Visitor: 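One structure coming up, written as structure tokens, with questions to follow.
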Amino acid sequence: MPASGKSTVGVLLAKRLGYSFVDADIVIQEKTGKLLKEIIAEQGTDGFLKVEEEVNSELNVERSVIAPGGSVIYGPKAMEHLKEISVVVYLKLSYEDVKMRLGDLKDRGVALKDGMTLKDLYDERIPLYEKYADITIDETGKTAGVIVDELRTMMEHSGK
């Protein structure tokens, strides 16, 4: 989900595990030479989702924490690949918290289909996050440090 803290929690978790950190949105920008919002403006949401799925389905990393964009969940090829190479974590955040944390959706490069509200996006994505998650962390009332501690414990016992 946008603004769920994927990058913040991901960097902290990578440091605590001694792993590298991969921000998939930055990988997309490096591969295309464009900002996410530019890809969306030029290719539309569907075009962006194809690029995002392709890049995420080709990630080949080890001992890394990957923070994909929240819309990667729409790409079955990418999600199957990520489940194969990693433990998929869903950072669960209430709609109210997502709304409060988000700034300008277009500037952030959020893949929002025409006519869709943030609430529509939230409601559409929740079942997909739940479907693919190996681990779900409810972020309600927790600091990033507490979330990282919970995840570290879970990851150390996951075997992946």
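For this chain, numbers begin at 1 and follow the sequence in order. A quick note: this is a predicted structure, and the numbers were derived from the prediction, not measured. Just so it is clear, the values below take in all heavy atoms, side chains as well, and ignore hydrogens, waters and symmetry mates.
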Visitor: Could you give the distance from CE (Met154) to CD1 (Ile135), rounded to the nearest 0.5 Å?
Guide: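 Those atoms lie 6.0 Å apart.
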
Visitor: If you look at every heavy atom in Gly115 and Asp120, which pair is closest and at what distance?
Guide: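 Heavy atoms only, the tightest pair is O-OD2, 4.1 Å.
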
Visitor: Please check if any side-chain donor atom of Glu52 sits under 3.5 Å from a side-chain acceptor atom of Ser71, or the reverse.
Guide: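 Side-chain D/A pair, Glu52 to Ser71: present.
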
Visitor: Going by ring-ring contact (aromatic ring centres under 6.0 Å, His included), name the residues that satisfy it together with Tyr132, two or more places apart in sequence or in a different chain.
Guide: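 Partners of Tyr132 under the ring-ring contact (aromatic ring centres under 6.0 Å, His included) test: none.
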
Visitor: List for me each residue that meets ring-ring contact (aromatic ring centres under 6.0 Å, His included) alongside Tyr122, sequence neighbours excluded, and say none if there are none.
Guide: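 Counting only residues at least two positions away or on another chain, Tyr122 forms a ring-ring contact (aromatic ring centres under 6.0 Å, His included) with Tyr95.
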
Visitor: If I compare all heavy atoms of Gly70 with all of Tyr129, which pair ends up nearest, and what's the gap?
Guide: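 Shortest heavy-atom separation between Gly70 and Tyr129 comes out as O-OH, 2.9 Å.
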
Visitor: Does one hydrophobic cluster hold both Leu82 and Val61, with members joined at side-chain heavy-atom distances below 4.5 Å?
Guide: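 Yes; tracing contacts between hydrophobic side chains, which count when under 4.5 Å, links both residues.
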
Visitor: Filter on salt bridge (Lys or Arg N to Asp or Glu O under 4.0 Å), then keep only pairs touching residues 61-76, sequence neighbours left out; what's left?
Guide: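 The answer is none; no pair qualifies.
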
Visitor: Output all residues satisfying salt bridge (Lys or Arg N to Asp or Glu O under 4.0 Å) with Glu80, sequence neighbours left out; order by chain, then residue number.
Guide: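 Not a single residue meets the salt bridge (Lys or Arg N to Asp or Glu O under 4.0 Å) criterion with Glu80.
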
Visitor: Name all residues meeting the side-chain contact (heavy atoms from CB on, under 4.5 Å) criterion together with Lys31; count only those two or more places apart in sequence or in a different chain, and write none if there are none.
Guide: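 For Lys31 the side-chain contact (heavy atoms from CB on, under 4.5 Å) partners, ignoring immediate neighbours, are Val27, Val55, Glu58.
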
Visitor: Under the salt bridge (Lys or Arg N to Asp or Glu O under 4.0 Å) test, which residues partner Lys119, sequence neighbours left out?
Guide: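 Salt bridge (Lys or Arg N to Asp or Glu O under 4.0 Å) check on Lys119 returns Asp123.
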
Visitor: Sub-3.5 Å donor-acceptor pair from the side chain of Asn56 to the main-chain atoms of Ala78, do we have one?
Guide: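 Side chain of Asn56 to backbone of Ala78: no pair is present.
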
Visitor: Locate the shortest heavy-atom distance separating Leu59 from Ile85; write the atom from each residue and the value.
Guide: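 Shortest heavy-atom contact: O-CD1, 3.9 Å.
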
Visitor: Could you tell me which non-hydrogen atom of Val22 sits nearest to which non-hydrogen atom of Ser64, and how far apart they are?
Guide: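 Looking at all heavy atoms of both residues, the shortest contact is CG2-CB, 4.2 Å.
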
Visitor: Under the side-chain hydrogen bond (donor to acceptor under 3.5 Å, both in side chains) test, which residues partner Glu42, sequence neighbours left out?
Guide: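 Partners of Glu42 under the side-chain hydrogen bond (donor to acceptor under 3.5 Å, both in side chains) test: Lys34.
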
Visitor: Applying the side-chain contact (heavy atoms from CB on, under 4.5 Å) test to Gln43, which of Thr45, Ile39, Asp46 qualifies?
Guide: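 Running side-chain contact (heavy atoms from CB on, under 4.5 Å) over Thr45, Ile39, Asp46 with Gln43 returns exactly one hit, Ile39.
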
Visitor: Using 0.5 Å steps for rounding, measure from the OH atom of Tyr90 to the CD atom of Glu139.
Guide: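 Tyr90 OH to Glu139 CD: 9.0 Å, rounded to 0.5 Å.
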
Visitor: Tell me every residue that passes salt bridge (Lys or Arg N to Asp or Glu O under 4.0 Å) with Asp138, counting only those two or more places apart in sequence or in another chain.
Guide: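 Checked Asp138 against salt bridge (Lys or Arg N to Asp or Glu O under 4.0 Å); zero matches.
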
Visitor: So for atom NZ, which belongs to Lys50, do other residues, nucleotides or ligands contribute more than 12 heavy atoms lying within a distance under 6.0 Å?
Guide: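 At most 12 heavy atoms, drawn from other residues, nucleotides or ligands, come within 6.0 Å of this atom.
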
Visitor: What pairs with Thr32 under side-chain hydrogen bond (donor to acceptor under 3.5 Å, both in side chains), at least two apart in sequence or on another chain?
Guide: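 Testing Thr32 for side-chain hydrogen bond (donor to acceptor under 3.5 Å, both in side chains), a comparison that skips the adjacent residues, returns none.
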
Visitor: Just jot down the salt bridge (Lys or Arg N to Asp or Glu O under 4.0 Å) partners of Glu54, sequence neighbours excluded, or say none.
Guide: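 Partners of Glu54 under the salt bridge (Lys or Arg N to Asp or Glu O under 4.0 Å) test: Lys77.
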
Visitor: Using distance only, find each side-chain donor-acceptor pair of residues 6-18 under 3.5 Å and give its atom names and separation, not counting sequence neighbours.
Guide:
residue	atom	partner	partner atom	Å
Lys6	NZ	Met1	O	2.9
Ser7	OG	Asp23	OD2	3.3
Arg16	NH1	Asp149	OD1	2.4

Visitor: Could I get the full list of side-chain contact (heavy atoms from CB on, under 4.5 Å) partners for Asp97, not counting sequence neighbours?
Guide: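 Checked Asp97 against side-chain contact (heavy atoms from CB on, under 4.5 Å); matches are Leu93, Ser94, Met100.
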
Visitor: Do you know the tightest heavy-atom contact between Ser86 and Asp134?
Guide: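 Taking Ser86 first and Asp134 second, the nearest heavy atoms are O-OD2, 3.9 Å.
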
Visitor: What about Ile40 and Ile26, same hydrophobic cluster or not, with Ile/Leu/Val/Met/Phe/Trp/Tyr joined at side-chain heavy-atom distances under 4.5 Å?
Guide: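 Different clusters.
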
Visitor: Measure the CD1-CG distance between Ile147 and Leu91 for me, rounded to the nearest 0.5 Å.
Guide: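 Those atoms lie 6.5 Å apart.
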
